Amino acid sequence: MKIGIIGLPSSGKTTVFNALTRGTAETAGFAGGRFEVHTAVVDVPDPRLEWLHAHLGVPRRVHAQVTYNDIAGLERGAGGRGFSGALLNAISANDALLLVVRAFEDPRVPHVDGTVDPVRDYQAVEAELMLNDLALIERRLERIADELRRQNLPRARRGELEEERAFMGELRAHLEAGRPLRLLDLAPDEEKRVRHFAFLSLKPLLIVLNVGDEQPEPDLTPFHVGPRAAVTTLRGRLEAELAVMPPEEAAEFMAAYGLEALSLGRVIRLNYELLGLKTFFTFNEKEVRAWTVPERATALEAAGAIHSDIARGFIRAEVIHVDDLRAAGSLAEARRRGLVRLEGKDYVVRDGDILTVRFNVERGRPGPTPR
Ligand SMILES: Nc1nc2c(ncn2[C@@H]2O[C@H](COP(=O)(O)OP(=O)(O)OP(=O)(O)O)[C@@H](O)[C@H]2O)c(=O)[nH]1
Ligand SMILES: [Mg+2]
């Protein structure tokens, strides 16, 4: 899973990136909207994996991972011209966007508009994303019009282009009405059509209000903006400092600020929800491991996430939910109670399932290589 961190200059993107990745990337008073990307891969914290590791008695545990990209360079007015290729690529390479909105007051960090106004800033970025998408649509429509003007265009191609033109027209109207593309309920074939474009307002969006250390929690009502968007708050600077402190020291500070936990886990969970992802586990004598798959993934698709050969040779999966294993206390007891089930390839995996895939090595192996 890749999450792109975006936001206006000096909103605290790098600070939030550091808080989420326990990083120490340099934050700046003002980098002037220069294009720049920091990347870090972090383990997805999961208490169930810790429990499994402690109770299955295997040497290693392997977390699922998330990549965060801190993308600087998005400025007001950038979208109307269409974002620069590099910026567009950097943003569109992510599965979801995390939009940092400044909510902290600090006279030492000037705001280009002179005041701190989270709703205004959120709307400004959303507008940039939509303008960028409009520019992509206009460009596509021009190409379509050019091709339609050709004399000897085959009838089938003409039909295709006209259909696409109508669809693009709908997307344009939607954007012109001030609505980001992520609000659209796309049919599977439309889904396929838009996949070729780097539409930014289509990406699931997590809005993170970056709040000052001691400021009150801001009102979130204006940010509840549809099903594929969510909003949360984070005390960026405070948490960035806590994230790199020794644990005992961090615990003291957290108690003093009334923080129960760092936001890393919560933010990842919100992203899983937004993206419709779930976790399943596997183990062998060497390691227990967490995997991320889409919410509707079947046992066969889960096997495919582990290895394509395992999916190809799939026979059955032995399945037990981590809660059932916990209740039973041990795998042997769980078996005695009949809590370990055999499931076929169409079984829809539940979040928290532990899977042991039985597969046929011969079938799983690719065919003999010709000499
Ligand atoms: N007081 C306070 N200052 C903060 C907070 N978060 C960020 N800052 C400061 O705001 C300035 C900008 O923060 P950055 O994290 O560099 O912001 P950015 O969005 O990455 O900035 P660019 O990459 O230049 O666009 C830095 O001086 C930070 O120390 C906060 O929660 N409270
Ligand atoms: Mg930065």
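Note that the structure is a prediction, hence the values are computed from the model and not measured. For reference, positions follow the sequence shown, starting with 1. Read the numbers this way: they start at 1 and go in the same order the structure lists the ligands and their atoms.
Taking the charged nitrogens against the carboxylate oxygens, D351 and R48 do have a contact shorter than 4.0 Å, which makes a salt bridge. Salt-bridge check for R350 with E343: failed, with every basic side-chain N at 4.0 Å or more from each acidic carboxylate O. Here R337 pairs with E333 in a salt bridge; the nearest charged N to carboxylate O distance falls below 4.0 Å.
With E318 contributing its side chain and V340 its backbone, the two residues share no donor-acceptor pair below 3.5 Å. Side chain of E301 to main chain of T298: a donor-acceptor pair is present (N/O by atom type, distance under 3.5 Å, no hydrogens or angles). The backbone N or O of K203 lies less than 3.5 Å from a partner atom in the side chain of R182, making a donor-acceptor pair.
Contacts of H307 classified as side chain to side chain contact (heavy atoms under 4.5 Å, CB included), with partners at least two apart in sequence or in another chain: D309, I310. Scored by the side chain to side chain contact (heavy atoms under 4.5 Å, CB included) test, R237 finds T15, D106, R108, D213, E241 as partners (sequence neighbours excluded).
Of the heavy atoms in A72, only side-chain atoms (C-beta onward) come closer than 4.0 Å to ligand 1. When non-hydrogen atoms are compared, ligand 1 lies under 4.0 Å from the side chain of V109 (C-beta onward) but not from its backbone. Neither the backbone nor the side chain of V100 comes within 4.0 Å of ligand 1, counting heavy atoms alone.
Ligand 1 lies out of reach of G7, whose nearest heavy atom is not under 4.0 Å from it. Ligand 1 is approached by V211 to a heavy-atom distance shorter than 4.0 Å.
Ligand-side atoms of ligand 1 in range of K13: 15 (O), 17 (O), 18 (P), 19 (O), 20 (O), 21 (O), 22 (P), 25 (O), range being under 4.0 angstrom from any heavy atom. Close approach of ligand 1 to P9 (heavy-atom distance below 4.0 Å) involves ligand atoms 25 (O). Here is the list of ligand 1 atoms found below 4.0 Å of a heavy atom in T14: 15 (O), 18 (P), 20 (O). Every atom of ligand 1 is numbered from 1 in the order shown, and the set under 4.0 Å from a heavy atom of D106 is 1 (N), 2 (C), 3 (N).
By the 3.5 Å distance cut-off applied to N or O atoms, D213 is not counted among the residues near ligand 1. At under 3.5 Å, not a single nitrogen or oxygen of E105, backbone or side chain, sits near a nitrogen or oxygen of ligand 1. For the pair N210 and ligand 1, the shortest N or O to N or O distance falls below 3.5 Å. Checking only distances, R235 never comes within under 3.5 Å of ligand 1, N or O to N or O. For a threshold of 3.5 Å applied to N or O pairs, the pair formed by G12 and ligand 1 contains at least one separation below that value.
Counting only N and O atoms by type, the side chains of Y257 and R235 include no donor and acceptor under 3.5 Å apart.
Heavy-atom neighbours of E26 CD from other residues, nucleotides or ligands within 6.0 Å: at or below the threshold of 12.
Backbone or side-chain N, O or S atoms of T14 reach the Mg ion (ligand 2) at under 2.8 Å.
Across the listed options L209, N18, T27, T27 owns the non-hydrogen atom lying nearest to atom 29 (O) of ligand 1.
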